[in-house]
Amino acid sequence: MPELPEVETIKNELLPLITGRRITGITLPWEGIVKESSIEEFRHRLTGRKITDISRRGKYLILSLDSDDLLIIHLKMTGSLILKRDCEEPPDYVRAVIHLDNGSSIFFRDLRKFGVLRLLMETGEIESKLGPEPLDDDFTPKVLAQRLARRTASIKAVLLDQKVVAGIGNMYADESLYASGIHPERPAGSLTKGEIEHLHKAIRQILWAAIGHKGASVNTYFLPDGSEGTAHYFFRVAHGKGKTCPVCGSPIERIAVRNRGTYFCPKCQRMK
DNA sequence: CCCGGAACCTGAAGGC
DNA sequence: TGCCTTCAGGTTCCGG
């Protein structure tokens with residue numbers, strides 16, 4: 001499940017390999033992956049264009065083109081981008097292929113077909129859906145506090161809201177709440193200043209560390225070369241079925257918050 | 001605006 | 001063995 005660290009890793013890995021490359025064609029084994037433009041228009045606007053940059057905002061990947069179009073990629077839950085030579089065996093579940101002028105292609109594989117490709121002229125549409133980048137310098141505890149204030153929903157649900165903070169998903173929400181000793185069902189607006197400061201620090205540390213480990217390959221996430229990240233080896237509660245708390249030894253509990261599997265230590269993360 | 005639940009999808013895993 | 005149910009969890013849509 002690609003969240004901020006996984007998407008950041010894909011961006012970092014692809015950047016030196018595809019910038020400057022020209023797109024020679026698009027293959028769409030599943031046309032439903034393209035949103036908001038016709039297949040013909042999509043192909044036409046991409047074919048022959050040069051990729052000038054690749055960046056990330058929240059969980060979105062943004063390929064900049066020399067036409068000033070932006071190719072917006074969202075991997076949703078099971079998407080990954082695999083870069084392969086055209087002479088190699090293609091991966092399974094390929095929904096789109098971006099053919100490049102150096103004999104390689106970017107394969108968008110996505111078991112569950114939730115992934116999305118769309119062309120935009122500017123980033124306004126995705127900016128309007130996203131809150132601050134948690135790793136930017138201007139994401140301060142005060143900014144987080146303002147975004148949690150007066151919210152009655154659980155802190156877990158609010159952390160998953162991309163308008164509050166961009167890029168946090170189920171795994172890193174659980175890890176951040178565990179690290180800051182906050183019960184996932186606490187109303188977001190009830191957190192104290194000290195708890196918010198702790199949570200803010202935990203979010204940044206955990207996301208930075210996960211990027212250092214090139215993301216967490218808990219399910220269908222792979223790096224563009226097909227290898228796996230190792231961030232999940234360092235998870236303390238996320239996907240912690242049958243695990244025990246590394247601090248107090250209590251069994252990790254699983255509850256559902258907004259239909260999300262939520263793991264926490266009932267002793268270290270109290271409701272108060 | 002805020003909140004929670006359903007929908008979108010497909011395969012793996014577990015129960016019987 | 002095989003069928004059935006449940007689980008996985010990012011985003012959007014919809015009703016309250």
Side-chain angles (χ1 to χ4, degrees), chain A residues 1-11 28-36 56-62 72-81 91-96 108-118 120 123 125-131 133-134 146-177 184-191 207 210 215-222 228-229 231-232 235 237-243 252-264:
Chain A
M1 299 116 217
E3 303 180 26
L4 186 153
E6 289 73 33
V7 180
E8 178 73 11
T9 299
I10 292 168
K11 183 262 289 177
L28 294 167
W30 185 66
E31 295 186 345
I33 196 169
V34 176
K35 305 296 180 193
E36 285 162 23
R56 177 194 61 76
R57 178 77 171 91
K59 300 171 193 168
Y60 293 89
L61 274 172
I62 304 168
I72 310 295
I73 301 174
H74 201 300
L75 301 169
K76 294 288 179 87
M77 289 193 284
T78 57
S80 55
L81 298 180
D92 292 336
Y93 309 117
V94 172
R95 311 306 184 191
F108 191 146
R109 66 186 299 274
D110 182 21
L111 188 151
R112 288 173 69 181
K113 295 184 175 176
F114 287 171
V116 169
L117 291 176
R118 56 159 47 124
L120 294 178
T123 57
E125 190 186 317
I126 60 172
E127 283 300 325
S128 67
K129 298 175 186 170
L130 298 176
E133 282 293 320
Q146 284 167 351
R147 307 215 154 225
L148 301 184
R150 291 173 298 282
R151 298 286 297 253
T152 58
S154 68
I155 182 63
K156 169 75 184 275
V158 172
L159 283 179
L160 294 179
D161 181 348
Q162 300 299 294
K163 275 187 178 167
V164 173
V165 185
I168 298 175
N170 204 42
M171 302 181 295
Y172 296 107
D174 281 359
E175 288 298 308
S176 299
L177 289 170
E185 289 181 301
R186 287 273 304 284
S190 76
L191 269 57
L207 294 179
S217 289
V218 294
N219 204 345
T220 53
Y221 162 75
F222 297 97
E228 297 191 350
H232 53 299
F235 283 169
V237 290
H239 298 272
K241 246 176 248 172
K243 287 185 189 168
I252 296 302
E253 249 179 54
R254 180 192 185 278
I255 57 174
V257 176
R258 286 273 260 140
N259 277 331
R260 301 291 178 278
T262 298
Y263 297 91
F264 71 106

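We use all heavy atoms of the structure for the numbers below, so side chains are in, but hydrogens, waters and symmetry mates are not. Note on naming: letters A, B, ... go to the chains in the order of the sequence lines (proteins, then strands), and numbering restarts at 1 for each one.
Partners of Arg112(A) by side-chain hydrogen bond (donor to acceptor under 3.5 Å, both in side chains), not counting sequence neighbours: none found. By the salt bridge (charged side-chain N to carboxylate O under 4.0 Å, His left out) test, Arg260(A) is found to be paired with no residue, residues two or more places apart in sequence or in another chain being considered. Partners of Lys156(A) under the side-chain hydrogen bond (donor to acceptor under 3.5 Å, both in side chains) rule, at least two apart in sequence or in another chain, are Asn170(A), Asp174(A), Thr262(A). Every residue meeting the salt bridge (charged side-chain N to carboxylate O under 4.0 Å, His left out) condition with Glu8(A), not counting sequence neighbours, appears here in chain and number order: Lys11(A), Arg56(A). In this structure, the side-chain hydrogen bond (donor to acceptor under 3.5 Å, both in side chains) partners of Tyr172(A), at least two apart in sequence or on a different chain, are Glu6(A). Evaluation of the salt bridge (charged side-chain N to carboxylate O under 4.0 Å, His left out) rule for Asp110(A) yields no partner, not counting sequence neighbours. Checked against side-chain hydrogen bond (donor to acceptor under 3.5 Å, both in side chains), Ser190(A) has the following partners two or more places apart in sequence or in another chain: Arg186(A).
Using a 4.0 Å heavy-atom cutoff across all strands shown, Thr152(A) reaches sugar-phosphate atoms only and no base atom. Nucleic acid contact class of Tyr172(A) (heavy atoms, under 4.0 Å, all strands): none.
Each of Trp30(A) and Asp161(A) was matched to the nucleotide of DNA chain B holding its nearest heavy atom; the match closer to the 5' end belongs to Asp161(A). Of the two residues near DNA chain B, Arg258(A) and Tyr93(A), the one whose nearest nucleotide lies more 5' is Arg258(A). The residue among Arg254(A) and Arg260(A) whose nearest nucleotide of DNA chain C is located toward the 5' end is Arg254(A).
Of all nucleotides in DNA chain B having an atom under 4.0 Å from a heavy atom of chain A, the first and last in 5' to 3' order are dC3(B) to dG11(B). In 5' to 3' order, the nucleotides of DNA chain C bounding all contacts with chain A (an atom under 4.0 Å from a heavy atom) are dA8(C) to dT12(C).
No side-chain heavy atom of Pro2(A) sits less than 4.5 Å from a side-chain heavy atom of Lys59(A). Side chains of Thr152(A) and Pro187(A) form no contact here, defined as non-hydrogen atoms less than 4.5 Å apart. No side-chain heavy atom of Tyr93(A) sits less than 4.5 Å from a side-chain heavy atom of Thr78(A).
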Throw together a table of side-chain donor-acceptor distances under 3.5 angstrom for residues 252-259 of chain A, partners on residues two or more places apart or in other chains.
none

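Atom P of dC9(B) sits at a distance of 14 Å from the matching atom of dC13(C), rounded to the whole Å. dG14(B) and dG9(C): their P atoms are spaced 16 Å apart (whole Å).
Between the Arg109(A) side chain and the Ser80(A) main chain, no donor and acceptor come within less than 3.5 Å of each other.
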### Task
Starting at the 5' end of DNA chain C, write a dot or bracket for each base, bracketing those in Watson-Crick or G-U wobble pairs whose two distances are under 3.5 Å and using | for partners on another strand.
.|||||||.|||||||

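The environment of NZ in Lys129(A) is crowded: more than 12 heavy-atom neighbours from other residues, nucleotides or ligands sit within 6.0 Å.
Of the residues in residues 109-116 of chain A, those placing a heavy atom less than 4.0 Å from an atom of DNA chain B are Leu111(A), Arg112(A), Lys113(A), Phe114(A), in numerical order.
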